Amino acid sequence: MIRQLVEKALYFKRLTPEIENGINSELTRLGYIDEVDYEALELLMAEMDAGRIQLVSSR
């Protein structure tokens with residue numbers, strides 16, 4: 001599920017509050033992160049650092 005949420009953020013080039021909350025909820029629910037999800041989150045953070053993903057704030 002985390003990987004799917006990251007893929008959604010990458011596709012839309014935006015990290016919305018809904019996507020961020022979904023990622024946080026999954027991390028809390030699982031209590032751990034597997035290697036595939038960890039790599040997906042690393043990619044998301046790298047894309048954000050490079051300015052290719054916009055962080056959308058809640059209103």
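Heavy-atom basis, side chains included; hydrogens, waters and symmetry copies ignored. In this chain, residues are counted from 1 in sequence order. Given the structure is predicted, the values throughout are model-derived calculations rather than measurements.
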Using 0.5 Å steps for rounding, measure from the [atom1] atom of [X] to the [atom2] atom of [Y].
X   : Y   : atom1 : atom2 : value
K13 : R52 : NZ    : CZ    : 8.5 Å
E18 : K8  : CD    : NZ    : 8.0 Å
M45 : L15 : CE    : CG    : 6.5 Å

Q4/M1 under side-chain contact (heavy atoms from CB on, under 4.5 Å): CA gap, chis, key distance, verdict:
CA-CA 5 Å; Q4 291 174 345; M1 183 63 165; 3.5 Å; yes

Starting from [Y], can I reach [X] by hopping between I/L/V/M/F/W/Y residues whose side chains sit under 4.5 Å apart?
X   : Y   : answer
V56 : I19 : no
Y32 : L5  : yes
L30 : L27 : yes
Y38 : I23 : yes

Is it the case that the side chain of D37 and the backbone of I33 share a donor-acceptor pair, with hydrogens and angles ignored and the cut-off at 3.5 Å?
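No.
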
Taking all atoms of both residues into account, what is the closest heavy-atom pair of [X] and [Y], and its distance?
X   : Y   : answer
L44 : A9  : CD1-CB, 4.0 Å
P17 : S57 : CG-C, 4.0 Å
A40 : V6  : O-CG1, 3.4 Å

List the steps and the verdict of side-chain contact (heavy atoms from CB on, under 4.5 Å) for L10 and L43.
CA-CA 9 Å; L10 294 173; L43 175 60; 3.7 Å; yes

Run the side-chain contact (heavy atoms from CB on, under 4.5 Å) test on M48 and L55 for me, step by step, so that the C-alpha distance in whole Å, both residues' side-chain angles and the decisive distance to 0.1 Å come before the verdict.
CA-CA 8 Å; M48 289 180 70; L55 179 61; 4.1 Å; yes

